[in-house]
Every structure is written in structure tokens, then in C-alpha cells.
Amino acid sequence: MMSESSSDACDLVMNYSAPERCAFVKRTPDCNMADGFINYLKLAFCLLPPNLTPLTITLCIIWLLVLFVILGLAASKFFCPNLSAISSTLHLSHNVAGVTFLALGNGAPDIFSAIAAISHPHTAGLAVGALFGAGIFVTTVVAGSVSLVKPFPVASRPFLRDVVFYMIAVFWTFLILYRGTTTLGETLGYMGLYVVYVLTVIISTYIYNRQKSSVTNGVQNVPHIPEFNSSYSSDEDDVPGLTDGTVQQEYESEYRPLLPYSESTSEILLSSLNPVDNRKWRRKPWTWRVLKVVKTPLEVLLLFCVPVVDPDKEDKNWRRPLNSLHLITSPLLCVLVFQSGAYGDFMIQGELPVWVLTLLLGMFLAAIVFCNTTNDHPPKYHPLFALLGFVVSAVLISAAASEVVSLLHMLGVVLSLSNTVLGLTLLAWGNSIGDCFSDITLARQGYPRMAIAACFGGIIFNMLFGVGLGCLVQMCATHAFVQFESQGLLTWILAGSLGLSLVLSFIIVPLSQFHLGQSYGIFLLIFYSIFLVIALLTEFGKIHT
């Protein structure tokens, strides 16, 4: 990032007395925070009195949790399903779809957060801290929890392959940070490393399947045993996630009415906007119900604005009245949210606002679709709604990620914490908590190999594309090479700890004959605890050079 004079650094606001902080924020260009909808620094130092600072921090942390919920919902309920529908429409194999679309879907919050952070000089540390912090968290806490929940033998070649590629990515990132700059060619090569990884996954899986078929061709009546032979994404053939369509159809057929019944258009609209399944509600524990009540208003709002195509359902999730409304709400949401609403008030030739034109075009398209379709059968162009849902959810995730970065920057200023430590704690934990629960659940359901492979395979994509795309966006905006400000000793502790954890796993797992047991899980959890203590002691000046 381009360095700025210390007199213009917004981080110095806490050096002033409480009455002077508002004036400092207003006159300092670095405090503008144009990347978000809300200027949280002006909110903290100008709009609210200094004696309410604890209340301000509490409200901001609550709002941060809401943003994390929005990120999680948008990614899991809308972004990923639409990516799955697009890959199904394009007839991509699970290997290719997994290491491309699935990786993008699972890593969307991390990638958009990194892009948003790198685009601003004083929040680049958030990207470094979040990507390295999430890497350490997932490869130690999540992987250790999986090993504790379900000890198992790991697939040797895929495990070593993923760890080696991740070590290369970490070392390359370390070199970029050490030099403090990166060029366009190096950035493209950095992102190209993931292309090499994808090709390696596809080729190794192809070779493995050829070898397996040649061995089993001469053996008759041998029952098929699921093999977790590739990365987390290419194992989707053997997990319930890809067979849920059949299960879902059988499940729904049990509750299908015996006599023909057709819902009215208004009933279809209301049921489509209801995110609560009554049968599931009765089965779930009270903790799930409380969380569902909290998330329901956000889910209803997202259902109203973002279409979802489900290729596993018989009707592909076609909802005629709601999908017609999506042609109005989805483009309007994109216009109002894209780049934090920068185009919301844009006037065409000084007379017609862009949002009004978008609204009129959306109403025209919605009327055409509604009048030329039926409630029972999706139209031939229904897969295009998956593309629309993908774009809208991506814009929404990007906007929420920008808000998270701006809010964490403000908390760092108020609490006198560096962006790096905020990245490796709050941002890394927030973006990784979904991976943590999903991987542990997979392990409990009997798929620990897939869960452990996700720990190492998924974050390769997040690091290479999070930093790579962020640098490309910054180069396009400034037409200059990207320069990174030194974040001090903490950055090197981050990179060193992540590299050390990977090296130790690379050594310990083969020595354990690729059997991950409880001792390995306990070791990883202790390693993360030691790392976190050292990082926090470094942040508060107890450890220094």
C-alpha cells in the first residue's frame, strides 16, 4: 500500500483529547472511510459523546455480528446454491466444479474481505491478519477438532499435495510482504499457482480413477466403498451433499397431499418467503430455534431480493410470483449496494436517477415473465435466475465485507489495536466459524477425510485469490505497483507460525502413518493457544525486537 505521512494517519486520533478528536477526524483525509455506507469514525467521535464510548463499542460489536450473519447467510443460502446450479447447467464434473465454483462459494467472505481491506492503505493489515489468521485457525483448531471428534486414517497423497501447495502459497506471500511490493506479473503468477493446483487435482484424480478401474475390472461383485481420494471438493460424489436431491424428493413425497391441490399465486409467494420449515423446527433443539428467530428477518429480506435455483428439486425451486419480483428487487439491490451505494444517486444526463431507470426496466421484465409463465412449470430460461442470484449475492457479500473492514478499522483505532491483530482474531474467527462447524459436523457424520482435506485445500484458494485479486483491483485503481506497509513483528510471527504449523503437519502425519488421532488433535489445539498468546503479547508490547 502507498505510505502516507504520519501526520495524516487516522490512527493518531487517540493521541488527542476527547474534545479535539472530532475535529481531527473531520480534517484528516485518511478518516473519510469512503469504502463503507457508514463513516464509523465520525459516528464514534462526532455523533456520540465521549462518555458513551463503551456503549458505542458494544453497539458496533453487535452490528459486526449482524454483518457476519449476513455474510454467512448470503454465502451458504444463496451464493453457493446458485454456483452449484450454474455448474450443473454447464455439466461440469465435480472435480472441476469443486476446485473452482465450490472453492469460490466457500471462500467468498474471506476473498471479498481481503479485496476490501487491501483496497485501503490502512486496512491492508486486516487482509494479511485475516488470511494468515484464518489459515492458522482452520489448520489447527478445526483440523484438531476433527481429529478429536473422529480419529481416522487420512488419504496420504491428497493430504501431502494440499499441504505442499499451501506451504508454497504461504512462502510466496511471505516474500511479497518481506519485499513490501508486488508487480503485475508476479500477481498474475501468484494467482496462476491456483490454476496449477486445480490442474494437479484434476490430473491426479484422473490417474487415480484409471488405476482403480483397472484394478476393479477383473473383480466381480465387489461392493463399492467410498474413497476420499482427492481434495475436499472432488470428494463430493461420496457425501450426502450431492445425493440430497433424491433424499429431498423422497422426503417431500411423504408429505405430498393424496388429492390434487394447487396453491394460489399469493400462497406461493407467502410460502416462498417463509424460511422456517415446520417439520425441522419441531426436531431441532432450542438453541437452533433461538438462532433461527434471530436470522429469520434477514433471511426473509434476502429471499425477497435474491433468487435461488436448486437443480436437486423437481421444480428447480421455481416460484413464479417471487421470481418475477426478483427481476425488480435484484437489479435495484445491486444498484443501491454496489460500491457502497456510489451509483445510487447517479443521474443520467442530470435528469433521471439510475435507480428509477432500473426500477422501470425491472417492472417491465417482471410483467413479461409473470404473464408468459405458469406456477407449475419453470421456463426454459430459469437457469438464468441462477446467474442473477450469483451476481446479486456476490455484490451483497462484497458490500457486507466492506462494512466489516470499515467497522474493524474503527474498533482498531478506538481500542488502539493494530489491524493485523483484529484480522487474525475477529475477522479470521468470523469468516472461519462456518467452516469450523461444517467440518466438525462432516466428521461426526462419518466423513472426517473430507473435513480434514477442506481444512488444507479450501484456504489455498482464499489466500491466492484474496491477496491476488485485491492487488489487481488496487493496481487498476492507482495504475501503479502495490506497496505494503510494514506491519511489524506481528506479521512475521503470523507467517512463521502458519508455516511452522504446516511443516510440523507435513512431518508428524507421515510419521504417524497418516493416522490422525486424538494426540494430533490436542497438539494442534495447544499450538494455536501458544500462537495466540505470543501474538497478543507482541501486540501489547511485551514481546518486541
Side-chain angles (χ1 to χ4, degrees), residues 1-2 35-36 71 74-75 79-80 83 86 99-135 165-166 168-170 172-177 179-199 233 334 337-340 342 390-406 408 419 423 427-428 431-432 457-485:
M1 305 281 87
M2 302 303 296
D35 294 333
L71 279 172
F79 194 78
C80 290
L83 280 179
I86 292 173
V99 294
T100 52
F101 285 132
L102 183 61
L104 176 60
N106 291 340
D110 304 272
I111 294 168
F112 283 110
S113 297
I115 293 173
I118 291 178
S119 64
H120 194 277
H122 279 277
T123 55
L126 275 175
V128 176
L131 292 172
F132 280 6
F165 268 97
Y166 196 21
I168 295 173
V170 171
W172 199 337
T173 309
F174 175 82
L175 287 179
I176 292 175
L177 294 175
R179 294 199 313 269
T181 185
T182 182
T183 62
L184 177 61
E186 185 180 28
T187 302
L188 294 176
Y190 182 78
M191 297 172 64
L193 179 61
Y194 191 77
V195 178
V196 176
Y197 171 71
V198 170
L199 294 176
S233 47
C334 286
V337 169
F338 184 65
Q339 289 191 351
S340 302
F390 162 72
V391 172
V392 178
S393 54
V395 170
L396 189 61
I397 291 172
S398 177
S402 296
E403 288 300 302
V404 168
V405 169
S406 298
L408 286 178
N419 285 319
L427 189 55
N431 286 341
S432 302
I459 47 182
I460 299 175
F461 181 85
N462 296 351
M463 176 166 289
L464 293 176
F465 270 72
V467 176
L469 285 177
C471 290
L472 281 180
V473 170
Q474 182 67 5
M475 287 180 187
C476 293
T478 61
H479 304 287
F481 295 151
V482 176
Q483 294 183 353
F484 292 89
E485 291 181 353

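Worth saying up front: this structure is predicted, and the values here are computed from it rather than measured.
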Working to the nearest 0.5 Å, report the span between CG of Leu464 and CG of Leu469.
10.0 Å
Where Ala74 and Ser393 come nearest, the two heavy atoms and their spacing
O-CB, 4.2 Å
Closest non-hydrogen atoms of Tyr190 and Trp172, given as atom of the first, atom of the second and distance, are N-CH2, 3.5 Å
For the atom pair CG (Leu472) and OG1 (Thr187), what is the distance rounded to the nearest 0.5 Å?
5.5 Å
If you compare all heavy atoms of Met475 against all heavy atoms of Leu184, which two are closest, and at what distance to 0.1 Å?
CE-N, 3.6 Å
Looking only at heavy atoms, which two atoms of Leu193 and Ile168 are closest? And how far apart?
CD2-CG2, 3.8 Å
Side-chain contact test, heavy atoms from C-beta onward, threshold under 4.5 Å: evaluate it for Thr173 versus Phe132 and give yes or no.
yes
